[in-house]
Amino acid sequence: MNDIARIIDITKDAELKTIAEKVSNNTRLSFDDGVMLFEKGSLPFLGALANFVREKKHGDITYFNRNFHIEPTNVCVFSCKFCSYSKLYAHKEEGWELTVEQMMNIVKSYDGKPVTEVHIVGGVHPKMTLPFFADLLKAIKAHRPELHIKGFTPVELDYMFKKAKMTVEEGMKFLHEAGLDSLPGGGAEIFHPEIRTQICEDKVDAEGWLHIHKAAHQLGMHSNATMLFGHVEKYWHRIDHMERLRQLQDETGGFNTFIPLKFRNKDNDMSNINECSTIEDLKVYAVGRLYLDNFNHVKAYWPMLGRQKAQLSLGFGVNDIDGTIDDTTKIYSMAGSEEQNPAMNTAELVTLIKQVNRKPIERDTLYNVVTDYSLKEVDLASLN
Ligand code: V47
Ligand code: SF4
């Protein structure tokens, strides 16, 4: 009996058996299947099924990349209740805003280091406009043309485009021409308005978020998609979120990676909500892997999850654990991330992946292989 037949065989529940058969036959799961997986699927069942798909797509390969983050500002005009930045607009003395020169100094501090990507994301500061960010993009490309710039969520973009009186298509083209290569996955949260009005009512809505990603895809740019889970949403809101992503992906094929983000409750206006369990985290990765059949990659963002849970996630559908993030990333440590110092060097990442018998591959943003650490003996001590 092969692996999938064994999974189907051990399932007593007829409905879950049907879902497992669909996965085995490459048949797309329906909305109700997705909800049922959350309602009835045990962790071992979901894990076995998600791992089957993960290994069919990628074998043991586990990707990571070498990147660094720039957060232009922590001031934000919006007031997402889960966000530890949101109160800063009223308390500007606690805020920072970087000039183009200061951000270029961060870029230059990586000169000679083998990073392939810069990830730029932050709050929405009213003075940081489209021309300001276009100048930043041009300056980065002039200094280091091969560095891939992944930057700005639709929340930031929607605000800049409106302020510049540009359409989404015009604004995206303008930034792309200035040097923006791809979009990160942030700002998606939970798309359904029933939840959005409770947790982030004043920022771009689901249609606006999807429109901006679609415009980027139509320019040939790739992007990621996140989902903030484990707060006030129900199972069906998660599936509704994934369904909207799956539909856009069918249309454009522009998404690289799905990144579930676990809600953390430190120092924000939702601190009264308990964080969900590790079991729930793993279930979300698994259902994400099963439902989003047209996404190539599922990523665990390890600074939020912690190193050990990131290792565990590799058996639940995850095939990417993000990158060597520098400790300048404040948004997560402020919200109570597992890692007080979210930085890991290449040797640590490679070791982490090898410890759970997976194959570490350093990738660039578009999943081209940079170095296959599974093929050769690497002197880990020599890596930075
Ligand atoms: O959209 C904010 C989340 C996101 C909290 O594309 C929180 O490669 C949990 O999108 N608890 C921004 N999460 C980060 C993001 C991201 C991260 C890593 C990689 C990529 C990528 C994208 O951070 C926001 C929001 O969902 N966030 N506050 C919190 N309290
Ligand atoms: Fe602003 Fe983003 Fe925080 Fe919302 S999540 S308040 S848009 S920084």
Side-chain angles (χ1 to χ4, degrees), residues 63-65 67-69 71-90 95 117-126 128 148-159 181-191 195-196 199-205 208-209 213 216 222-231 233 241 255-271 273 275-276 281 284 295 297-305 310 320-323 325 329-338 342 363-367:
Y63 293 101
F64 67 93
N65 69 340
N67 63 1
F68 64 100
H69 285 219
E71 290 181 66
T73 179
N74 65 343
V75 171
C76 188
V77 298
F78 295 113
S79 50
C80 306
K81 292 204 167 57
F82 53 81
C83 179
S84 314
Y85 279 6
S86 49
K87 51 187 175 298
L88 282 170
Y89 197 50
E117 172 191 286
V118 54
H119 179 160
I120 307 174
V121 71
V124 177
H125 192 299
M128 291 184 164
H148 183 108
I149 308 178
K150 179 178 78 177
F152 313 120
T153 68
V155 183
E156 297 161 277
L157 296 169
D158 178 62
Y159 189 87
D181 294 301
S182 68
L183 303 188
E189 324 312 356
I190 287 282
F191 285 141
I195 301 301
R196 242 176 150 75
I199 67 169
C200 55
E201 62 176 353
D202 51 359
K203 73 182 183 189
V204 69
D205 62 9
W209 191 99
H213 277 256
H222 283 81
S223 70
N224 293 334
T226 56
M227 176 175 81
L228 182 73
F229 69 92
H231 41 88
E233 87 285 5
H241 188 91
F255 287 116
N256 275 335
T257 316
F258 178 57
I259 314 165
L261 295 172
K262 172 202 185 80
F263 162 69
R264 307 304 305 244
N265 67 6
K266 190 170 156 244
D267 284 339
N268 54 51
D269 291 343
M270 285 164 61
S271 295
I273 296 173
E275 290 178 5
C276 69
D281 297 342
V284 174
F295 273 61
H297 307 286
V298 175
K299 175 154 92 179
Y301 187 60
W302 67 262
M304 285 303 265
L305 201 61
D320 185 337
I321 51 171
D322 210 88
I325 297 148
T329 311
K330 304 281 188 316
I331 191 165
Y332 316 107
S333 43
M334 286 173 76
S337 70
E338 209 81 357
R363 60 164 177 87
D364 65 13
T365 313
L366 303 178
Y367 289 83

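This structure is a prediction, so every number in the text was calculated from the model and none was measured. Below, each value reflects all heavy atoms present in this structure, side chains not excepted, and no hydrogens, waters or symmetry copies. Remember, it's 1-based here, ligands and their atoms both numbered in the order they're listed.
Residue contacts to atom 4 (Fe) of ligand 2: C80 brings an N, O or S atom closer than 2.8 Å.
Of all the heavy atoms of N268, the ones lying under 4.0 Å from any atom of ligand 1 belong exclusively to the side chain. By the criterion of a heavy-atom distance under 4.0 Å, neither the backbone nor the side chain of N265 is placed next to ligand 1. Proximity of Y301 to ligand 1, defined as any heavy-atom pair under 4.0 Å, is confined to the side chain (atoms from C-beta onward). The proximity of C76 to ligand 2, defined as any non-hydrogen pair under 4.0 Å, is limited to the side chain. Contacts between M304 and ligand 1, counted as non-hydrogen atom pairs separated by less than 4.0 Å, involve the side chain only. Residue K299 touches ligand 1 through its side chain alone, judged by heavy-atom distances below 4.0 Å.
For atom 7 (C) of ligand 1, the choice among L228, T226, L261 with the nearest heavy atom turns out to be L228. Checking C83, S84, G123, P154 against atom 5 (S) of ligand 2, the nearest heavy atom belongs to C83.
Aromatic pair F229/F263: centroids not less than 6.0 angstrom apart.
For ligand 1, the atoms closer than 4.0 angstrom to any heavy atom of H119 are 19 (C), 20 (C), 21 (C), 22 (C). Taking every non-hydrogen atom of N224 and a distance limit under 4.0 Å, the qualifying atoms of ligand 1 come out as 6 (O), 8 (O), 21 (C). Every atom of ligand 1 with a heavy atom of G185 under 4.0 Å away is listed here by number and element: 6 (O), 10 (O), 21 (C), 22 (C). For ligand 1, the atoms sitting less than 4.0 Å from at least one non-hydrogen atom of I259 are 6 (O), 8 (O), 20 (C), 21 (C), numbered in the order shown with element in parentheses. Counting atoms of ligand 1 from 1 in the listed order, those under 4.0 Å from a heavy atom of F263 are 9 (C), 11 (N). Close approach of ligand 2 to V155 is summarised as follows: ligand atoms under 4.0 Å from at least one heavy atom of the residue are 7 (S).
Ion pairing between E275 and R264 holds under the 4.0 Å rule for side-chain N and carboxylate O. Salt-bridge check for K203 with D158: failed, with every basic side-chain N at 4.0 Å or more from each acidic carboxylate O.
The N/O atoms of G186, backbone and side chain alike, include one that comes under 3.5 Å of an N/O atom in ligand 1.
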